Structure formats: C-alpha cells, structure tokens
Amino acid sequence: MEIPLAFYQSLRLDDNKSRSRDSSYSNFPRFSGYDFSLRRRRWKNPFARITCSSLVQGLKPKPKLKPEPIREIDQGPKDPVLHDTRISKSAVAICSQIEKLVLCNRLREAFELFEVLEIRGSVRIGISTYDALVEACIRLKSIRCVKRVHGYMLSNGFEPEQFMMNRILMMHVKCGMIIDARRLFDEMPERNLFSYNSIISGLVNFGNYLEAFQLFKMMWEELSDSETHTFAVMLRASAGLGSIEVGKQLHVCALKLGVVDNTFVSCGLIDMYSKCGDVGDARCVFDDIPEKTTVAWNNIIAGYALHGYSEEALRLLYDMRDSSTSLDQFTLSILIRISTRLAKVELTKQAHARLIRSGFESEIVANTALVDFYSKWGRVDTARYVFDKLPRKNIISWNALMGGYANHGRGADAVNLFEKMLAAKVGPNHVTFLAVLSACAYSGLSERGWEIFLSMSEVHGIKPRAMHYACMIEILGRDGLLDEAIAFIRRAPLKPTVNMWAALLNACRMHGNLELGRVVAEKLYGMEPEKLGNYVVMYNVYNSMGRTAEAAGVLDTLESKGLRMMPACTWVEVGDQTHSFISGDECDSYKEAVKRQIYHKVDELMKEISEYGYSVAEDKNLLSDVDVNEEQGVVRYHGEKLAIAYGLVNTPEWNPLQLTQNHRICKECHKVVEFISLITGREIVVRDASRFHHFKEGKCSCGGYW
C-alpha cells in the first residue's frame with residue numbers, strides 16, 4: 001500500500017518533542033496540516049494499518065539452512081580395536097575431552113561427560129579413552145564408577161588386549177572389588193606377571209593370605225618367574241599368617257634369585273621376622289644391608305619395640321640419628337611409642353619439637369601417637385591441644401583422647417568429647433565405648449553411663465563385649481550396689497570374664513565386704529591360677545579376715561609354683577633421668593648426703609601433714625596389691641613417699657611431679673599424697689596399676705574410689 005505524498009505534507013511535529021528526539025531525526029522535514037500533539041486522540045493500535053510490503057508483493061521468507069548430516073569417521077585407522085568402526089565427530093570430541101579432564105585430575109567432570117556417551121549408547125570408543133576412565137576409577141576408588149565403565153565395555157562388545165585386561169583387573173583390585181577381581185582373573189585367557197601381582201596384592205591387602213599363597217604357587221608353576229614386588233607382598237602374607245617357616249622358604253628363594261639385596265625384599269624380611277617373633281634373624285638381615293634406608297631402620301626399631309625391647313630400640317634410634325639417616329614421621333611416631341613405654345617425658349618433648357621443625361605437625365600418625373602419650377602420662381591438656389591442631393582426625397585420635405580423659409577421672413570431658421565425635425559424623429567402635437564407659441565409671445556418672453551402654457546396641461548396632469559389662473559392674477560397685485552387680489553378672493549374655501570379677505572385687509575392697517571379696521577372689525584364683533596378682537589378693541583377704549592358716553596356704557602354693565611377690569616399686573622422672581624407689585629403700589645407690597636428704601624430707605613432710613590433721617589409718621589395707629608383711633614393716637617409708645621427697649628436692653616448684661608405680665597405691669599413701677599436695681602447692685600425678693591420680697590442692701581426681 002502506497003502512502004500519498006500529501007499525507008506527509010500535512011504532518012506537523014511539536015517543537016518540544018522534536019528537541020527531545022535523537023539527532024538522527026534533525027533533518028526530518030517538518031510538515032504542517034497534521035497535528036501529532038499529545039492533546040489529540042491516540043490510535044488504539046497505531047500499527048494496525050501497517051502492512052508488510054513483502055506480503056503484498058507475494059514474497060516468501062528466506063528458507064532456513066538445514067544442518068548437514070554428521071559424517072562418521074575413523075577414530076584411528078591403525079587402531080586394531082576400532083578397525084572399520086565409525087563414530088561421530090561429537091563422540092570423538094567427547095572422548096578427547098574426557099582424556100584431557102582425567103589428565104588434569106578433574107575426574108568428576110570426566111564422568112559427567114561419560115554419562116553423555118552412556119545415554120547415547122552403542123558408541124564405540126577407543127582404548128585411550130577406556131584407559132583414562134579406568135585411571136579415573138582407580139583414583140576415585142568408586143565402586144559405582146567401576147561398574148559403569150565395565151558395564152559400558154561389555155554392552156559395546158569391547159574386547160580388550162592383555163594390557164587393557166590387566167588395567168581392568170587392577171581397577172577392580174584398587175577399588176576393593178576383590179571377588180569380582182578374582183572372577184576376572186580366572187576368566188583371563190592369558191596371564192602375565194602383572195596379572196598375578198595385581199590379584200595377589202589385593203588378596204594380601206584383604207587378609208586372604210592362604211588364597212594368595214595358592215596363587216603364588218600357581219604363578220611359580222605357570223611362569224617359573226617372579227619379581228621383587230611379588231616377594232615383598234608374599235613376605236607380608238607370611239607375617240600376617242605368623243608363619244616363620246613359610247617366610248624362611250621365601251627367604252631362600254630370594255637368595256637363589258639374587259633379589260635379597262633389593263630394598264623392598266630386605267625390608268619385607270625384617271618386618272616378617274619381627275612380626276613372627278624372631279628379632280635375632282631380623283637383626284641379621286638388617287646388618288647385612290649395605291646401604292640402610294629409613295624404611296629399614298624403621299622396621300628393625302619397630303620390631304624391637306613390638307617385643308618389649310624398648311631400651312635396645314632406643315639405642316638403635318640413636319644409631320640411626322648418628323648415621324645421618326633422615327628421620328621421617330614414622331620414625332618419630334615409633335620414638336613416641338617407645339617413650340610412652342619408658343615414661344620418658346623429656347624425650348617425647350624433643351620428638352614433638354622435631355615434628356614441628358620437620359613440618360609434620362599436621363601428620364595424623366605421629367600426632368595421634370603424641371595424643372596417646374600425653375594422655376597416658378598425665379598431660380591430658382597438652383593432648384587436647386595437639387588433638388585440636390589436627391586438621392583431620394581418625395577414630396584412633398578420638399579414642400586416644402577419650403581414654404586419656406577416662407584415666408584421669410575427667411568423665412564429663414570424656415562424655416562431651418564423645419558427643420562431639422557423634423556430631424562430627426564419626427562412627428564409634430567398641431574401643432570408643434570402652435573409653436567413655438570407663439570415664440563414667442571412674443567419675444561416678446552412673447545415669448549417663450547406662451544411657452550410653454544401652455545406646456550401643458539400640459542406636460549404633462554394636463554388641464557389648466565383656467569389657468563393657470565390666471565397666472557397668474564398676475558403676476554398680478561404685479554406687480555400693482553389690483547385689484545388683486552380682487545379678488548383672490548372672491544375667492549377662494556371655495560367660496563372666498576375669499575383668500568382670502575383678503571389677504566386683506574392687507568394689508568389695510572399697511566397701512569393706514570381706515565375705516563377698518573372699519568368694520570373688522577365689523573365683524579369680526580358679527580362672528587364672530598362674531597370675532601372681534590373684535595370689536596376692538587372696539593372701540591379703542585371708543589376713544584381713546584373720547584366717548592365717550589359709551594365708552599360709554597361699555604362700556605355700558606360691559612357693560611350689562616357683563612364684564614370688566615382687567616388691568612395690570615407684571619411679572619418678574627428674575630431668576631426663578628416671579629414679580626408682582622401693583618400700584623401705586635404704587637408697588644405697590645414692591651418696592650418703594643424698595640419702596640423708598631424702599629421709600629428712602620424708603620426716604619433714606610427715607610432721608607438717610600431721611599438723612594439718614593427718615593421722616595414720618588404723619584399718620588394714622584390704623585387698624592391696626602389695627604384701628602385707630612388707631607394709632607393716634615400712635609404712636612410713638613407702639616408695640611413693642621416698643620418690644615424692646626426691647622429686648620435691650630436685651625439681652623447681654612450678655614443675656608437677658610425675659610418679660609411676662607397678663602396684664595399686666595403698667590407702668595410707670593416697671591420703672599422705674593428698675596432704676602433701678595441699679601443704680606444698682605442687683601438682684602430683686601418680687600412675688598406679690589401675691589408673692591415674694591427679695593430686696592438687698589436697699584433692700584427687702579419683703574421688704576416693706580406685
């Protein structure tokens with residue numbers, strides 16, 4: 001439709017409107033005769049009368065371009081697996097992108113792209129892409145991803161060569177699918193050393209030692225060959241079985257093949273001999289190593305420490321340091337464990353400082369050992385500091401600190417830590433419940449203890465063991481509910497153990513129930529006839545009841561079995577030296593001036609505490625762990641008093657005293673130490689045969705029940 005020129009000539013624009021418009025309209029001709037002012041009536045639809053000229057002339061819109069069909073190309077003409085196989089350009093791009101993402105360790109994104117291929121289905125991809133997906137599964141350790149990749153291979157008819165078959169086998173082993181891995185191994189048409197090593201390593205890691213040896217024998221018969229890695233793995237299997245004879249046969253094979261000098265084999269031999277109890281042969285292997293590595297040193301030191309040769313292990317540690325061999329975090333964790341056994345606080349402080357200097361302050365193994373040490377040796381606040389500094393915590397870390405709180409009588413702190421662990425979504429185990437229930441028993445938290453005990457099976461699905469029942473018996477005994485404790489033992493769904501009866505015996509000792517104590521002690525005597533402690537308890541029970549004939553019979557039995565009562569001994573650490581004292585000790589190992597100083601300090605302390613209201617207890621020490629004749633002769637100069645006197649004289653006032661005993665502290669000494677902590681203002685920590693006692697300002701953390 002054409003608009004006549006006269007129509008445009010009649011137009012007139014408002015001057016104000018023309019000023020506000022864009023400058024591009026400045027040259028637009030001004031027309032008169034038609035008013036566009038705002039005062040006039042507007043059209044309801046100003047474009048209703050406008051028609052496209054293309055429609056008037058019958059023109060059609062320009063057709064859209066149709067996409068060309070995607071041509072299929074060969075991914076690689078030389079690839080035998082993809083011979084004559086066509087894949088789309090988009091599939092090639094996806095495969096290439098998957099490989100790049102795996103190379104950049106962006107594994108989740110790689111599997112998101114792989115999902116595109118899964119949705120399309122029947123898209124055959126190359127070996128390099130499959131290899132990248134297998135590597136991603138190994139790194140992620142995801143069973144679901146393994147099933148996706150392997151299922152895709154099967155559904156697309158992928159027939160891997162031996163290299164790829166070994167990779168698939170290793171993927172299943174690394175991701176913990178050992179049953180599926182064994183099935184794949186059995187279905188393999190051809191196997192090599194890598195195939196055998198993969199499945200044998202997986203079986204050993206899962207503790208299937210006998211099956212691993214069967215496959216090792218099959219490999220030896222089929223291939224008549226082996227690798228150093230195979231020997232190292234089989235030596236681990238021998239150590240797991242505890243079979244030193246099999247380990248010696250492997251040692252002979254390694255000698256014949258000339259691989260015994262290999263680092264992995266030699267370290268495996270040291271570890272095998274140590275764990276099988278032959279430290280001497282382990283030391284021979286270690287001495288024959290020409291160049292000793294850090295791993296070799298760690299293995300031989302750990303072997304000596306494992307079998308209780310702590311002093312020799314410590315000497316080897318000093319030799320390792322002098323040989324200029326670097327100490328790693330595992331070396332320091334072994335050192336801390338040795339210090340725990342030897343009660344060397346100063347040595348542990350040095351190891352702690354070395355950890356920090358070496359940049360291992362976040363390493364979980366060594367720092368967990370630190371938490372365990374500080375918890376066991378009276379420095380539970382330091383243990384909590386190390387624990388809080390750990391960036392990630394495992395169940396062992398939680399249990400170590402919780403057990404420390406329990407042993408030190410800080411039951412409320414242990415329960416709070418237990419609740420914090422649950423809030424952190426860390427699943428408790430039986431050790432966790434043993435620690436928290438012990439804390440409740442030591443601190444008298446009866447109600448909370450019963451709640452936690454019932455939650456074991458009802459909430460967490462953990463069946464209580466005998467040690468957990470022993471904690472509950474101790475809770476009942478602490479409350480004086482001895483009849484209820486007996487009924488609880490009888491109702492228990494398991495056979496009463498030594499620990500359960502011992503908990504009841506301790507309650508009888510504390511509440512003075514002599515008759516029940518005698519019955520329980522006789523049960524213990526029957527359950528462990530070779531344990532010296534039971535004879536000591538029986539002897540003291542009979543003496544306390546005035547039954548001298550039975551007491552003499554216990555001594556005769558001891559003599560006939562070749563057993564004798566060990567003297568009560570107390571150790572105190574001053575500086576980096578540990579000093580021992582026994583009851584009635586004449587201190588012959590010290591100079592005369594030092595001896596006089598020790599005994600004078602004891603007399604001075606006894607006089608001072610007498611002024612504060614202390615008096616010697618008239619009752620006998622019922623069910624003590626020490627010979628009664630010994631106590632009667634040397635009550636005034638028990639080993640605890642001599643050790644405290646020596647520590648007070650030779651340590652600064654701000655330093656807490658740390659004592660260790662091989663027996664349960666007697667009532668009289670417990671009362672004396674309470675008064676000494678009051679008059680001297682010193683904190684005294686005593687670790688006896690049962691628990692820790694924190695004496696501070698005249699009070700003990702045990703609350704008078706131990």
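Small disclaimer: the values here were computed from a predicted structure and weren't measured. In this chain, residues are counted from 1 in sequence order.
Taking the six-membered ring where tryptophan is involved, the planes of Phe213 and Phe216 are perpendicular, since the angle between them exceeds 60° and thus also 30°. Ring pair Phe158/Tyr130 is tilted by interplanar angle, where 30° to 60° counts as tilted.
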For residues 359-368, which side-chain N or O atoms pair as donor and acceptor with protein atoms under 3.5 Å away, sequence neighbours left out?
residue: Glu363; atom: OE1; partner: Val365; partner atom: N; Å: 3.1
residue: Glu363; atom: OE1; partner: Ala366; partner atom: N; Å: 2.7
residue: Glu363; atom: OE2; partner: Val365; partner atom: N; Å: 3.3
residue: Asn367; atom: ND2; partner: Phe360; partner atom: O; Å: 3.0
residue: Asn367; atom: ND2; partner: Glu361; partner atom: O; Å: 3.2
residue: Asn367; atom: ND2; partner: Glu363; partner atom: O; Å: 2.6
residue: Thr368; atom: OG1; partner: Ile364; partner atom: O; Å: 2.6
residue: Thr368; atom: OG1; partner: Ser397; partner atom: OG; Å: 2.9

Please list every donor-acceptor pair under 3.5 Å in which a side-chain atom of residues 308-315 meets a protein atom from a residue at least two apart or in another chain.
residue: Glu312; atom: OE1; partner: Arg315; partner atom: NE; Å: 3.2
residue: Glu312; atom: OE1; partner: Arg315; partner atom: NH2; Å: 2.7
residue: Glu312; atom: OE2; partner: Arg283; partner atom: NH1; Å: 3.4

Below 3.5 Å, can you tabulate the donor-acceptor pairs from side chains in residues 247-254 to any protein atom, sequence neighbours excluded?
residue: His251; atom: ND1; partner: Tyr273; partner atom: OH; Å: 2.9

side-chain contact (heavy atoms from CB on, under 4.5 Å) between Val431 and Ile396, intermediate numbers included: CA-CA 9 Å; Val431 180; Ile396 302 175; over 6 Å; no
Thr129 and Glu99: side chain to side chain donor-acceptor pair (under 3.5 Å), yes or no, with the steps? CA-CA 6 Å; Thr129 307; Glu99 295 173 20; 2.8 Å; yes
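Between Ile300 and Leu316, the closest side-chain pair of non-hydrogen atoms falls below 4.5 Å.
A donor-acceptor pair under 3.5 Å is formed between the side chain of Asn662 and the backbone N or O of Cys569. Distance alone, capped at 3.5 Å, places no donor-acceptor pair between the Ser358 side chain and the Leu355 backbone. Listed for the Asp131 side chain is no donor-acceptor partner under 3.5 Å among the backbone atoms of Ile127. At distances below 3.5 Å, not a single donor-acceptor pair connects side-chain atoms of Ser274 with backbone N or O atoms of Asp271.
The 12-atom threshold is not exceeded at CD1 of Ile179, counting heavy atoms of other residues, nucleotides or ligands nearer than 6.0 Å. Applying the 6.0 Å contact sphere to NZ of Lys147 captures no more than 12 heavy atoms from other residues, nucleotides or ligands. Environment of CZ in Arg465: sparse, with no more than 12 heavy atoms of neighbouring residues, nucleotides or ligands closer than 6.0 Å. Taking a 6.0 Å sphere around CZ of Arg139, one finds it holds more than 12 heavy atoms contributed by other residues, nucleotides or ligands.
Pairs passing the ring pair (Phe, Tyr, Trp, His ring centres under 6.0 Å) check and including a residue from residues 310-331, sequence neighbours excluded, do not occur. Pairs of residues two or more places apart, or lying in two chains, never qualify as salt bridge (Lys or Arg N to Asp or Glu O under 4.0 Å) while including a residue from residues 320-340. Pairs passing the ring pair (Phe, Tyr, Trp, His ring centres under 6.0 Å) check and including a residue from residues 279-300, sequence neighbours excluded, read Phe286-Trp297. A ring pair (Phe, Tyr, Trp, His ring centres under 6.0 Å) check over residues 163-202, counting only residues at least two apart or in different chains, returns the pairs His150-His172, Phe185-Tyr196.
For the side-chain hydrogen bond (donor to acceptor under 3.5 Å, both in side chains) test, residues two or more places apart in sequence or in another chain that qualify with Thr294 are Ser326. Every residue meeting the salt bridge (charged side-chain N to carboxylate O under 4.0 Å, His left out) condition with Asp180, not counting sequence neighbours, appears here in chain and number order: Arg183. For Lys344, there are no salt bridge (charged side-chain N to carboxylate O under 4.0 Å, His left out) partners two or more places apart in sequence or in a different chain. In this structure, Arg108 has no salt bridge (charged side-chain N to carboxylate O under 4.0 Å, His left out) partners at least two apart in sequence or on a different chain. Checked against salt bridge (charged side-chain N to carboxylate O under 4.0 Å, His left out), Glu211 has the following partners two or more places apart in sequence or in another chain: Arg182.
Closest approach of Arg379 and His408 over heavy atoms only: N-NE2, 4.3 Å. Scanning both residues, Val260 and Val265, for their nearest heavy atoms gives CA-CG1, 4.1 Å. Between Phe111 and Leu133, the shortest heavy-atom contact is CZ-O, 4.0 Å.
Aromatic pair Phe373/His352: centroids not less than 6.0 angstrom apart.
Between the CG atom of Asn399 and the OG atom of Ser375 there is a distance of 11.0 Å, given to the nearest 0.5 Å.
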